[in-house]
Trainee: 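First the structure, then my questions, so here it is.
Order of the sequence lines sets the chain letters (A, B, ...), proteins ahead of strands, with each chain counted from 1.
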Amino acid sequence: MTTISLEALAARVTDGALIALPPDDSLSPGALVHALVRRGLRGLRLVGVPTSGYASDLLIGAGCAVAIETAAVSLGEAGTGPRFAAAVAAGTIRVLDATCPVIHTALQAAEKGVPFMPLRGVLGSDVLGHRPEWHVIANPFAADDDPILLVPAITPDFAIFHASCADEEGNVWVGRRRELATMAHAAKHSLVTVERIVKGRMLDDEKLAPGVISGVYVDAIAVAEHGAWPAGLLDEYDADRAHISAYAKAARTEAGFSDYLAQHVHGQKAKSAA
Amino acid sequence: MTTISLEALAARVTDGALIALPPDDSLSPGALVHALVRRGLRGLRLVGVPTSGYASDLLIGAGCAVAIETAAVSLGEAGTGPRFAAAVAAGTIRVLDATCPVIHTALQAAEKGVPFMPLRGVLGSDVLGHRPEWHVIANPFAADDDPILLVPAITPDFAIFHASCADEEGNVWVGRRRELATMAHAAKHSLVTVERIVKGRMLDDEKLAPGVISGVYVDAIAVAEHGAWPAGLLDEYDADRAHISAYAKAARTEAGFSDYLAQHVHGQKAKSAA
Amino acid sequence: MSDERPIAIQEFLIASVVRLILDPNAPPARHIAVGMASPIPAAACWLLKKQGYDLRLSLLQRQTGGPFSEGGRELFDLAGQGRIDIFFLSGGQIDSEANINMVGTGEWPGDKVRFPGSFGSAFMYMATPRTILFREEHSARVLVEKVDHISAPGISQPEVWRRGQAQALVTGRCVFRFDGTRFILASIHPGETLESVDSNTAMSYLTPPNVPQTEPPSAEELALLRGPVCDEMLGTYPDFCRRVWGREATTPQETMFA
Amino acid sequence: MSDERPIAIQEFLIASVVRLILDPNAPPARHIAVGMASPIPAAACWLLKKQGYDLRLSLLQRQTGGPFSEGGRELFDLAGQGRIDIFFLSGGQIDSEANINMVGTGEWPGDKVRFPGSFGSAFMYMATPRTILFREEHSARVLVEKVDHISAPGISQPEVWRRGQAQALVTGRCVFRFDGTRFILASIHPGETLESVDSNTAMSYLTPPNVPQTEPPSAEELALLRGPVCDEMLGTYPDFCRRVWGREATTPQETMFA
């Protein structure tokens, strides 16, 4: 698999697509999200796997996203994503509130090719009350009354994430973040940025293989050094907490967010094109 | 976690238990199965994950098992397990024929703590017709008639397997054989043999962690060098095909099987006790 | 060496959580999991580890290391299997039936104040035998008679699958026990009175006669908290460590699961 | 260098499988999976790889290496996702409706002759757009009018979820195409006649006018089969390689997925 540029990777995503992406602490694709904002996409529907943070807040604030299904939009100690909260207050984002294991389960359903999967719990939560598309059935294996939730499969159009490395066949190393494997299995297409390309076939190495997502799931790869920023990447680098904290402050207002975009997102375009 | 002897590990298993074990090409616990036969256990119910081979054939031939749920009992090119086939013909084993993904799915259901999970396919197979405990329901998410299979969770009493290594905290490295992780997650107890104990905590190493099963699932560990034999172990050693072929020949008759046990299983006891 | 700094309110909360975990009348605590954004429970668990208690501790909020190899779903699978004995939840609102609201206030999905979201609460609250609720802010806007929205219910109908309920609610002013249907005031922190608790609480609760003062952390516990426990937490909760213990994370510290 | 050895019947089967995979009228073949105990399909796929065709090949019967990192369920998940274009199945019995029996004969579960078991057939046959059936032994005991037991059904009711059916059945005597409801004789191997096929077949099938001879493997294909393809297969199918090509696996050879 030959790599393409970050902007070419972003160009694969289409308006209105259903996009799955990981939270800030799990191989978040910061550089790719910046490129998506620069593309000026519209109508994206986001899925936090199972929550989201900076990446979703940016896409929502920039007007790229019209909906988000997630168990939270959190900047960690910096609280709720500010543009997400503002969009909720303004009614400009459709929020499909979920709970973490529902999203894992819905992606596992797509991974297995089944239309739904059951999950314990959730009954009695208002999260359920606002999801008329979910079903509660009587457990057919129980002798007594035993209601149980069925959630429909989520099949994203695109899974996007940033990983440590890929090999020349497009196999991608995500380490222990197996939820990214499930996300990639469930999605129709996976677009991946990596720190670097490595020689050889990682799937041939019994030690490395367990942390690999097979290239069969990967549509295209771009090299983006430090591409998780401002999020961190496994044991390679830490999150830039100061930056996220500054973002949280700036993004409290529309104007502050615009300044942020001009400086950190659109500014990057000129830099990378130079 | 301190390791115990192979015989002490085998002593944890109780008559009548539901035992999950992998096929011959996936960390099969040969030495532990020999020890179980030496214990003279009775009434075991086996689950091949998702098929089984030498290990099950031995336990069936030795009279330890009364039932087996599996997608196959196969010695590879050497064909159907001969003691299994003989027990089927004699009606001395209860066979719950399944198909591979049903067993994976049923263990995933137990892993998630749900009572059942759906699976596509299988409708129209006589495998389904002989499993009255399975349910076919109308997919509640479909507009049209769409029957779909639900299989009940399988929660083994014991998962048994042989792995490359464990660390001092009982974390076990199984590499890419993730079905063993699912099996261990689903089971109430996991009993594991390993080639060796390694220093440190494998879960602290981002490179090793993806191939590790956390010690939270592991009840006890015994060191058994070459403990998969006559099966092979990942990239460490190959299966002893000549031995399995000889076993397949010997086990065609009750007498040949008895001789085999005397020589290769009970004979080992004297050897290891010496 | 005696530490003369006054006991911070967070240290009272941590000590209270420790007492609840060790409660001999509660189901066993062999494996405790701590979710995201939970510095007080995390500190309580680290304190127990540093005191040498034999318990398995799974902390979610770690970018590297950590107890899991199966990705983000392993915590929920573990809980589904019944392998997690204690979990901790908080909420933007908590009400008299132990319902928690992590979604927001105003119209759904939170047009007045939007909280981050429900995370795994709607599952974990029901899958875990013991849940300890914690919330540093004890005010009438947090402890309400009825939450605007239920992220996870405190009480379920008998036919609904559920392994346990809230054991207690620990706040910046007091500890409430939950008896399955209602909160009962169990102890009040120094500086608080029955009246100060009452005037800052909008949820109903029972006040028994003779409510004791909350037992403060011991000198040994304080020393552990301010030293080795803080060391462990600097990497994942730098703001909390700065606020409570005045410590700055100098170098990135990502200590491993222990 | 010309190889004067006669063409083995297995080599005819392999060549026939190759032609079926390349059939331009069939759905695309981008990703082919080969299950356990399937040396003929494996050889056909290796032959295509060695000829430089751009296809992804996932072989199950490998102890090390291989295409998967998600354990034994990844093949089935891939098929469930619709990512496997072709799979291969065999059977102890195959019948006129393309039902396959991998369970056994006599009373369930096979008290007369017990086969190993159904493996993944009951799922894969329905999840895969194209299934190529293969069975070297072409006899009236294998190709029966009705199988004793159905491991996986050849035909499903219209409301039943199914992505495809059998494309063809390749035997040691001939190739049958399957048109969705019945088998049609497509070609017969050298040395066979319509009569020899008929007298060894207990299942019904259609015989069109002018049944051609099966196209033999080309000289180039034979050379690849007997050389590099055999090299790849020695590690996983030593008995097959010995029987067909007279080659012995000297050292353990576990070549990797390519």
Trainee: Under 4.5 Å from any heavy atom of chain A, what part of Y125(C) do you find: side chain, backbone, both or neither?
Mentor: neither
Trainee: Using a 4.5 Å cut-off on heavy atoms from C-beta on, say whether the side chain of E77(A) contacts that of P238(C).
Mentor: yes
Trainee: Between F84(A) and P116(C), which heavy-atom pair has the shortest distance, and what is it?
Mentor: CE2-O, 4.2 Å
Trainee: Would you give the length of the straight line joining atom CZ of F123(C) to atom NE2 of H104(A), rounded to the nearest 0.5 angstrom?
Mentor: 10.5 Å
Trainee: If you count heavy-atom pairs under 4.5 Å between each of A85(A), P50(A), A71(A) and chain C, which one has the most?
Mentor: A71(A)
Trainee: Inspect the surroundings of CZ in R243(C) and state if more than 12 heavy atoms from other residues, nucleotides or ligands are less than 6.0 Å away.
Mentor: yes
Trainee: Which of the residues S156(C), A152(C), G120(C), S121(C) is involved in the greatest number of heavy-atom pairs with chain A at under 4.5 angstrom?
Mentor: G120(C)
Trainee: Using a cut-off of under 4.5 Å for heavy-atom pairs, which of G121(A), P23(A), G211(A) has the most such pairs with chain C?
Mentor: G121(A)
Trainee: Name the option with the most non-hydrogen atom pairs under 4.5 Å to chain C; the candidates are V95(A), L123(A), I103(A), T51(A).
Mentor: L123(A)
Trainee: Report which part of S245(A) has an atom under 4.5 Å of a heavy atom belonging to chain C: side chain, backbone, both, or neither.
Mentor: neither
Trainee: CZ/F76(C) to SG/C100(A) distance, rounded to the nearest 0.5 angstrom?
Mentor: 4.0 Å
Trainee: Heavy-atom distances under 4.5 Å only: say whether L119(A) touches chain C with side chain, backbone, both or neither.
Mentor: side chain
Trainee: Any donor-acceptor pair under 3.5 Å linking the side chain of D126(A) with the backbone of I150(C)?
Mentor: yes
Trainee: For the side chain of S118(C) and the backbone of T99(A), is there at least one donor-acceptor N/O pair under 3.5 Å apart?
Mentor: no
Trainee: Go through S151(C), G117(C), G80(C) and name the one with the most non-hydrogen pairs under 4.5 angstrom from chain A.
Mentor: G117(C)
Trainee: Of all of A122(C), P158(C), G104(C), A127(C), which one pairs up most often with chain A through heavy atoms under 4.5 Å apart?
Mentor: A122(C)
Trainee: Hey, does the side chain of E159(C) reach the backbone of D146(A) with a donor-acceptor pair shorter than 3.5 angstrom?
Mentor: no
Trainee: With a 4.5 Å cut-off on heavy-atom pairs, point out which of P39(C), S69(C), G71(C), G106(C) contacts chain A the most.
Mentor: G71(C)
Trainee: For residues V88(A) and P109(C), determine if any side-chain heavy atom of one lies less than 4.5 Å from a side-chain heavy atom of the other.
Mentor: yes
Trainee: Heavy-atom cut-off 4.5 Å, strictly under: side chain, backbone, both or neither for A98(A) against chain C?
Mentor: backbone
Trainee: Counting heavy-atom pairs under 4.5 Å to chain C, which of G124(A), A86(A), S74(A), P101(A) comes out on top?
Mentor: P101(A)
Trainee: If you count heavy atoms of other groups shown closer than 6.0 angstrom to CD of E133(A), is the number above 12?
Mentor: yes
Trainee: Give, for atom CZ of R176(A) and atom CD of E74(C), the distance between the pair rounded to the nearest 0.5 Å.
Mentor: 9.5 Å
Trainee: According to the interplanar angle, ranging from 0 to 90°, do the rings of H130(A) and W108(C) count as parallel (below 30°), tilted (30 to 60°) or perpendicular (above 60°)?
Mentor: parallel
Trainee: May I ask you to name which of E70(C), Q157(C), R73(C), M124(C) has the most heavy-atom pairs under 4.5 Å with chain A?
Mentor: R73(C)
